[in-house]
S.K.: 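Sharing a structure with you now.
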Amino acid sequence: MNMTKWWHDKVAYQIYPKSFLDTNGDGIGDLQGVISKLDYLKMLGIDMIWLSPVYQSPFVDEGYDISDYYAIAEEFGSMADFDELLAEAKKRNMHIIMDLVINHCSDRHEWFQKALTDPYGEYADYFYFRKGRNGNPPSNYRSYFGGSCWEPIPGTDLYYLHMFAKEQPDLNWENPKLRQKLYDMINWWLDKGVTGFRIDAIINIKKNLDFPDFEPDGPDGLSSCWKMVESVDGVGEFLDDLKRNTFDKYDAFTVGEVFNMKEGALSDFIGENGYFSTIFDFSAHCLSDGEHGWYDAPSVDFQTWRNTIIRSQLEIQECGMEATIIENHDEPRGVSRFLPEYAQTPAGTKMLGTVNILLRGIPFIYQGQEIGMQNASWDNIEEFDDISTKDQYRMAIEAGLTHEQAMEICCRMSRDNARTPVQWNDQPYAGFTTGTPWLKVNSNYKEINVACQEQDPDSVLHYYRRLIALRKSPEYKGVLTYGRFVPAYENTDFVIAYYRQDSKQRVLIIANFGVEPAELALEYPARRILLSNQGLTETPGQVLHLQSCEVMVLDCSD
Ligand code: TEU
Ligand code: CA
């Protein structure tokens, strides 16, 4: 990678607007809430904000079902609010990137409504309308949210395809007219001043138009729809066309949500001329993918997690950069997921953050991560809002698990763990709203909230500020952005360590995830301690003593 890009050294923050901050008491976060916290984010060191969808939507899948790409959801405010957000961000030299959901839209979108009224007309070809086979749907695909991917169209012998919920019909990317409409829409937002996009579920846009059946892989007799996605060729042509007609013209930043990529395709995606600027590194998250669902998800031990991160970093740096995350709106909280119970403390939270944020890549911090928000506790299935959690619960029960077992799994894995309101203070509903929040507030808000952490210089929040400041400091920015990733101390149990180094500098990041203290001889003498979650300031000697959950960042340049 030789060319530098404007976004290489940026630190990003994901906002899930519905749960960020409510300013009008309706229990739903809104754009004014985001605007009011721009200074807070600036102070944290954030350069770029990814907004989860704020478009008009029936919210069946919380905004990932868009009914009008040119309108702001009235729950969140107006287009004037959005323009104000853009202007206020710009004043602070911050970028706004939108969520681009173009594999599917909402069944309430005008295109789909028109298609339904004229199932053989022009708009039907914006979607996949197909005849059934012998009284069955056109193929045996199971959607990501459960049940068949095919929904009958009333009054016809046709079905339409939906890889996600039935309220999210898939758009037909084979249709050049549809593609052009999407490009026009993307360019309209870029003209407005958004500087890029996070691109949702994008690998799914290429279908095998024969829609062949696959071997059933569950008791429902269906086969996961991603098998078709993984087996079909040609997504690259669409992605290339997309990029040339939109992002390229604006030097936009794009981060793709890409699962199920083909072996060896990484450089096509994120190389110098890749389809995207970057994609998310989900390698650690995929470790807990069950064969059938959450109910048969394997548990992940420390060594596997560490080795996965190392392997992934080594592979990526040969092609480009990926976006590194601990959590997002689809994942449980990282502190609850990646840290053993004894480490689910402020020290452990800082350690996990340090290891992640100093990796080679573009860090994306998810709202609340900077104060160490954790999974919530859920008492019954009705408390969940998430469509996927409800489906996973049903699947677990169908597979023979008890209600208690199924609940235990949903508590651990639910996407709603990341969607509980941000904990701003210790007031009712954590200061998120003066009304009733749309989703329950985590009961630990009195211990974990922004206001109390502001008061405490040792808090996770203050530590995150120092961590990001180090990453962006004039002295270390170069090596921490472009420096190579070199794993270290790989044979030491419970330690994860790596160097970031270039021809002039070498920085060691080293963390002890174990219960026991660790003692290690430094391979290169330390010149200076750059960061410590124990507040240490004295440069260590030859032998490094790391307590349980201790992390250190050392300048070990020659
Ligand atoms: O996610 C795509 C995706 O593959 C995940 O939804 C995954 O299948 C799911 O989290 C398992 O629980 C994107 C968005 O991030 C997600 O919020 C949307 O629900 C989905 O697309 C549909 O737009
Ligand atoms: Ca509101």
S.K.: Is a side-chain donor or acceptor of Asp386 paired with a backbone partner of Asp416 at a separation under 3.5 angstrom?
M.R.: no
S.K.: Can you find a pair of side-chain heavy atoms, one from Ile97 and one from Val255, that are under 4.5 Å apart?
M.R.: yes
S.K.: I need the Asp22 CG to Phe432 CZ distance, nearest 0.5 Å.
M.R.: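 Output value for this atom pair is 5.5 Å.
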S.K.: Looking only at the side chains, is there a donor atom on one of Asp170 and Asn103 sitting less than 3.5 Å from an acceptor on the other?
M.R.: yes
S.K.: If we count only N and O atoms by modelled type, under 3.5 Å, do the side chains of Ser19 and Arg419 hold a donor and an acceptor together?
M.R.: no
S.K.: When you look at Phe145 and Asp61, which way does the side chain to side chain contact (heavy atoms under 4.5 Å, CB included) test go after all the steps?
M.R.: CA-CA 10 Å; Phe145 294 150; Asp61 184 22; 3.6 Å; yes
S.K.: Ring centres under 6.0 Å, that's the criterion: do His109 and Tyr69 meet it?
M.R.: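 Yes: the rings meet the under 6.0 Å criterion.
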S.K.: Would you find a donor on one side and an acceptor on the other, under 3.5 Å apart, between the side chain of Thr117 and the backbone of Gln113?
M.R.: yes
S.K.: Find out whether Thr349 and Thr345 are in side-chain contact, i.e. whether some heavy atom of one side chain is under 4.5 Å from a heavy atom of the other.
M.R.: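 No, too far: nothing below the 4.5 Å cut-off.
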S.K.: Mind checking whether Phe513 and Phe494 have ring centres under 6.0 Å apart?
M.R.: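 Between Phe494 and Phe513, which both carry aromatic rings, the centre distance is not below 6.0 Å.
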S.K.: For the pair Tyr159 and Ser148, evaluate side chain to side chain contact (heavy atoms under 4.5 Å, CB included) and give the outcome as yes or no after the intermediate values.
M.R.: CA-CA 11 Å; Tyr159 294 76; Ser148 172; over 6 Å; no
S.K.: Between Trp150 and Tyr141, is the ring centre distance below 6.0 Å?
M.R.: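 No, the ring centres sit 6.0 Å or more apart.
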S.K.: Any donor and acceptor pair, going by atom type alone, linking the side chain of Asn175 with main-chain N or O of Asp125 inside 3.5 Å?
M.R.: yes
S.K.: Side chains of Leu171 and Trp111: does their closest heavy-atom pair fall under 4.5 Å?
M.R.: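 Of all side-chain heavy-atom pairs linking Trp111 with Leu171, at least one is under 4.5 Å.
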S.K.: Would Ile326 and Leu352 count as a side chain to side chain contact (heavy atoms under 4.5 Å, CB included) if you check the C-alpha gap in whole Å, the side-chain angles of each, and the deciding distance to 0.1 Å?
M.R.: CA-CA 8 Å; Ile326 290 176; Leu352 180 66; 3.9 Å; yes
S.K.: Checking Asp99 against Trp50: is there a side-chain donor and acceptor pair closer than 3.5 Å?
M.R.: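 Yes - a donor-acceptor pair under 3.5 Å links their side chains.
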S.K.: Counting distance only, does the side-chain N/O of Ser67 pair as donor-acceptor with the main-chain N or O of Arg108 below 3.5 Å?
M.R.: no
S.K.: Between Trp189 and Tyr250, does the ring centre distance come in under 6.0 Å?
M.R.: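 Centroid separation for Trp189 and Tyr250: 6.0 Å or greater.
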S.K.: What's the verdict on side chain to side chain contact (heavy atoms under 4.5 Å, CB included) for Gln423 and Asn444, showing C-alpha distance, side-chain angles and the deciding distance?
M.R.: CA-CA 9 Å; Gln423 294 158 210; Asn444 67 11; 3.1 Å; yes
S.K.: Do Asn204 and Tyr144 have side-chain N/O donor and acceptor atoms under 3.5 Å apart?
M.R.: yes
S.K.: Indicate whether any N or O donor in one side chain lies under 3.5 Å from an N or O acceptor in the other, for Gln14 and Ser52.
M.R.: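 A pair is found: one side chain offers a donor N or O, the other an acceptor, under 3.5 Å apart.
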S.K.: Measuring from Ile325:CD1 to Ile357:CD1, what's the distance to the nearest 0.5 Å?
M.R.: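 Taking CD1 in Ile325 and CD1 in Ile357, the distance rounds to 12.0 Å.
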S.K.: Would a distance-only check, ignoring hydrogens and angles, find a side-chain to backbone donor-acceptor pair under 3.5 Å from Gln56 to Ala73?
M.R.: no
S.K.: Considering only heavy atoms from C-beta outward, does the side chain of Asp68 approach that of Tyr55 to under 4.5 Å?
M.R.: no
S.K.: Under the 6.0 Å and 45° cation-pi test, does Lys18 pair with Phe59?
M.R.: yes
S.K.: How far does CD of Gln313 sit from OG1 of Thr308, to the nearest 0.5 angstrom?
M.R.: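 If we round to the nearest 0.5 Å, Gln313:CD and Thr308:OG1 are 12.0 Å apart.
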S.K.: Before you tell me yes or no, could you show the steps for Thr278 and Glu322 under side-chain hydrogen bond (donor to acceptor under 3.5 Å, both in side chains), namely the whole-Å CA-CA distance, both residues' side-chain angles and the distance that decides it to 0.1 Å?
M.R.: CA-CA 5 Å; Thr278 186; Glu322 283 194 15; over 6 Å; no
S.K.: Taking the six-membered ring for Trp, are Tyr160 and Phe127 closer than 6.0 Å centroid to centroid?
M.R.: no
S.K.: Strictly below 4.0 Å, N to O, side chains only: are Asp240 and Lys243 in salt-bridge contact?
M.R.: no
S.K.: Judged by modelled atom types alone, do Lys181 and Tyr126 share a side-chain donor-acceptor pair under 3.5 Å?
M.R.: yes
S.K.: Verify ring pair (Phe, Tyr, Trp, His ring centres under 6.0 Å) between Phe282 and Phe259, making sure each step is shown before the conclusion.
M.R.: CA-CA 8 Å; Phe282 291 119; Phe259 293 98; 4.4 Å; yes
S.K.: Taking Asn375's backbone N and O only, do any of them form a donor-acceptor pair with Ser336's side chain (distance below 3.5 Å, no angle check)?
M.R.: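 Checking the backbone N and O of Asn375 against the side chain of Ser336, a donor-acceptor pair under 3.5 Å is found.
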S.K.: Would Asp107 and Lys166 pass as an ion pair if we require N to O under 4.0 Å?
M.R.: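 Salt bridge between Asp107 and Lys166, a charged N being under 4.0 Å from a carboxylate O: no.
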S.K.: With a 4.5 Å cut-off on side-chain heavy atoms, are Phe129 and Thr156 touching?
M.R.: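 Answer no - side chains too far apart.
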S.K.: Are the side chains of Leu158 and Pro119 in contact, using a 4.5 Å heavy-atom criterion?
M.R.: yes
S.K.: Is a side-chain donor-acceptor pair under 3.5 Å present for Asn417 with Trp378?
M.R.: yes
S.K.: Nearest 0.5 Å, please: how far is CE in Met98 from CG in Asp200?
M.R.: 13.0 Å
S.K.: Using a strict cut-off of less than 4.0 Å between a Lys/Arg side-chain nitrogen and an Asp/Glu carboxylate oxygen, indicate whether Glu327 and Arg333 qualify as a salt bridge.
M.R.: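 Yes, charged N to carboxylate O under 4.0 Å.
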S.K.: Any ion pair linking Arg306 and Asp301 (charged N to carboxylate O, less than 4.0 Å)?
M.R.: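 Arg306 and Asp301: not salt-bridged.
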S.K.: Verify the distance criterion only: is there a donor paired with an acceptor across the side chains of Thr389 and Ser414 at less than 3.5 Å?
M.R.: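 Per modelled atom types, Thr389 and Ser414 side chains form a pair under 3.5 Å.
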S.K.: Is the centre of the Phe112 ring less than 6.0 Å from the centre of the Tyr123 ring?
M.R.: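 No, they do not, as the ring centres are separated by 6.0 Å or more.
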S.K.: Given side chains that start at C-beta, do those of His104 and Asp65 come closer than 4.5 Å, heavy atoms only?
M.R.: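 They are not in side-chain contact.
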S.K.: Indicate whether any N or O donor in one side chain lies under 3.5 Å from an N or O acceptor in the other, for Ser312 and Asp281.
M.R.: yes
S.K.: Will you find, in the side chains of Asn260 and Glu230, an N or O donor that is under 3.5 Å from an N or O acceptor?
M.R.: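 The criterion, which ignores hydrogens and geometry beyond distance, is satisfied for Glu230 and Asn260.
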S.K.: Looking only at side-chain N and O atoms, does Glu370 offer a donor or acceptor that is under 3.5 Å from a partner on Tyr13?
M.R.: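 Yes - a donor-acceptor pair under 3.5 Å links their side chains.
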S.K.: Quick check, are the ring centers of His329 and Tyr366 under 6.0 angstrom apart?
M.R.: no
S.K.: In sequence, state the C-alpha distance, the side-chain angles, and the governing distance for His403 and Tyr393, and then conclude on side-chain hydrogen bond (donor to acceptor under 3.5 Å, both in side chains).
M.R.: CA-CA 8 Å; His403 164 74; Tyr393 175 82; 2.6 Å; yes
S.K.: To the nearest 0.5 Å, tell me how far Leu339 CG sits from Gln374 CD.
M.R.: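 These two atoms lie 9.0 Å from each other.
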S.K.: Just checking, any donor-acceptor pair under 3.5 angstrom between side chains of Gln180 and Asp184?
M.R.: yes
S.K.: Counting C-beta onward and ignoring hydrogens, is there a side-chain heavy-atom pair between Cys149 and Cys225 closer than 4.5 Å?
M.R.: yes
S.K.: Looking only at side chains, do Arg337 and Ser288 share a donor and an acceptor under 3.5 Å apart?
M.R.: yes
S.K.: For the pair Arg311 and Glu315, find out whether any cationic side-chain nitrogen is under 4.0 Å from an anionic carboxylate oxygen.
M.R.: no
S.K.: Are Thr420 and Asn442 close enough that a side-chain donor and a side-chain acceptor fall under 3.5 Å?
M.R.: no
S.K.: Salt bridge or not between Glu237 and Lys206? Use side-chain N to carboxylate O under 4.0 Å.
M.R.: no
S.K.: Out of curiosity, Arg198 CZ to Ile279 CD1, how far, rounded to the nearest 0.5 Å?
M.R.: 12.5 Å
S.K.: In terms of the angle between their ring planes, are Phe269 and Tyr275 parallel, tilted or perpendicular, with boundaries placed at 30° and 60°?
M.R.: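 Rings of Phe269 and Tyr275: perpendicular, over 60°.
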S.K.: Looking at Asp217 and Lys227, does any basic side-chain N land under 4.0 Å from a carboxylate oxygen?
M.R.: yes
